[in-house]
Number of protein chains: 2
Amino acid sequence: MTPMTPARSFPLSDSPQLGLRERKKIKTRTAIRDATYALIREQGYEATTVEQIAERAEVSPSTVFRYFPTKEDIVLTDEYDPILVRELNERPADEPWTESLRHVMRKAIAVGLAEDPEATRIRSQLMLQVPAVRARMLESMSVTGRMLGEAVAERSGRSGDSLEVRVYTMSLIGGLTEVSLYWAENDFQDDFAELFERALTVIERGLPTKNP
Amino acid sequence: MTPMTPARSFPLSDSPQLGLRERKKIKTRTAIRDATYALIREQGYEATTVEQIAERAEVSPSTVFRYFPTKEDIVLTDEYDPILVRELNERPADEPWTESLRHVMRKAIAVGLAEDPEATRIRSQLMLQVPAVRARMLESMSVTGRMLGEAVAERSGRSGDSLEVRVYTMSLIGGLTEVSLYWAENDFQDDFAELFERALTVIERGLPTKNP
DNA sequence: CCATGAAATGAGAGTAACTCTCAAAAGATG
DNA sequence: CATCTTTTGAGAGTTACTCTCATTTCATGG
């Protein structure tokens, strides 16, 4: 659920019994991300260079690239996909899986919006304005799609590699991405959850013809 | 329908009463594309530099960038989107528009496969292997989606900007993109048109649950 | 057929995202 | 504290892409 989940790494205040090394890694990771968001807010995406990001995050440019393969990824990457899938697997097994999906997505959206609304908004905005970001976003959505596909497959008694499952999940993802775009285009004025419900309805039931 | 349409420019043997200038432009355009396809076939995508492309096409690197904004676009761009939309608009107005879509897509696929099967295959392959290409492909599909959306909107008595139309077309596009990927992954052994039909069915009717 | 204007091209310099390599720094471990 | 491993920084190199300007190439009217 890349577009509406927050950017932060994990639990961040409580870092359990991880070694100092691991904790530092998490810290630089979020430092880089925070620096990036700040700079983008100030100057926009294109004007922000990786060198500037490195400077503000107080690391070397090399390190930035070690943590994020591309500049777009700094903005886009999150760690919520596995959580999302786990959540889906925990739904009661006899629930129709479209309904499960609905629940899980709804929850993901709620959490994302609550936990880091700014990041969520910045992401959607960039998705709208910067083609490279949008492209990469779709790409990463397709990864999410594959994970969902696995879960869906299990439930629906098909293989995750089957054409049917893949087409279905990707069409789902494609549709939902469009919701984010629509939301951003209208300056975040609509209620995201409601847009999402409408979208799900369309995807499930198709587009009723108004003039037959 | 970017992924399954050929790369060639227009009519190419018969260049009507276009000025010499226009004809030359078309020629360099296809020269660049042909050079690119050839080099990719020989060395792969990453290993092929724009400089090499320019050299083989006998133009300067500057010119390559004048014709195609990015390297990925050389592979991906086609001029069939408007044709596709026109075709859609020419379907009988009383035909259910899902049926119209079906017809039009089917035709696009047939034409694309017939006219330039190699380009079609190379594209799908690159989409599979090169993330940058796949990303850009999805991006360009979303443009196609918007055009389709306009047409669909007119038919279904909604605005092309409505959330419903946008979600619907993007989910359609997303699903169909997945068909190309699936096809490429399985080494083009399946019958594309048949895969496409199966995908449309899933999109229209949803995924029937096998174990309720 | 040539002169003038407009458009396309090439050459070259510049930027910024990435990649690779290697030596120095910092955390883990006994 | 000594050693081993992982992480970092520095720097050089590649390549996609941008901009500018002089030169060439086509279009056009006389």
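Side chains are part of it too, since the values below use all heavy atoms of this structure and drop only hydrogens, waters and symmetry mates. Here is how names work: the chains are called A, B, and so on, in the same order as the sequence lines, proteins then strands, and each is numbered from 1.
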Between C:dG27, C:dA8, D:dT8, which nucleotide has the shortest distance from any of its atoms to the side chain of A:R21? C:dG27
Examine C:dG27: is either OP1 or OP2 under 4.0 Å from a nitrogen or oxygen in the side chain of A:K24? Give yes or no. yes
A:F65 has an atom CZ; how far is it from atom P of C:dA16, in whole Å? 12 Å
Roughly, in whole Å, what's the span from CD1 in B:I26 to P in C:dA8? 13 Å
From NZ of A:K27 over to C1' of D:dT8, roughly how many Å is that when rounded to an integer? 16 Å
Answer yes or no: does a side-chain N or O of B:Y67 lie under 4.0 Å from OP1 or OP2 of C:dA8? no
Kindly indicate, with the supporting measurements, whether the criterion side chain to side chain donor-acceptor pair (under 3.5 Å) is fulfilled by A:S60 and A:T63. CA-CA 5 Å; A:S60 78; A:T63 300; 3.2 Å; yes
Protein-nucleotide distance (B:E58, atom CD; C:dT9, atom P), rounded to Å: 14 Å
Interatomic distance where CD belongs to A:E55 and P belongs to D:dG9 [whole Å]: 13 Å
Between the base of C:dG10 and the side chain of B:R66, is there a donor-acceptor distance below 3.5 Å? yes
Rounded interatomic separation in angstrom, taking NZ from B:K71 and P from D:dT14: 16 Å
Between the base of D:dA10 and the side chain of A:S62, is there any donor-acceptor pair under 3.5 Å? yes
Indicate whether OP1 or OP2 belonging to C:dG10 is found under 4.0 Å from a side-chain N or O atom of B:T63. yes
Salt-bridge test for B:R166 and A:E185: reply yes if a basic N is under 4.0 Å from a carboxylate O, no otherwise. yes
Can you find a side chain N or O atom of A:K25 that sits less than 4.0 Å from OP1 or OP2 on D:dT7? yes
Before accepting this row, confirm whether a basic side-chain N of the pair B:R155/B:E150 lies closer than 4.0 Å to the acidic partner's carboxylate O. no
Taking the nucleotide of DNA chain C with the nearest heavy atom to each, does A:T70 or B:E22 sit closer to the 5' end? B:E22
A:R136 and A:D73 ion-paired at < 4.0 Å: yes
For A:P69, report the nucleic acid contact type (base, sugar-phosphate, nothing); a contact means any heavy atom under 4.0 Å. sugar-phosphate
Do B:R56 and B:E42 meet the salt-bridge criterion of a basic N to acidic O distance under 4.0 Å? yes
Select one nucleotide: of C:dT9, C:dG10, C:dA17, the one nearest the side-chain heavy atoms of A:T49. C:dA17
Can you tell me the distance, in whole Å, between the CG atom of B:L20 and the P atom of C:dA7? 16 Å
Starting at CG of B:L39 and ending at C1' of D:dA16, how long is that distance when rounded to a whole Å? 16 Å
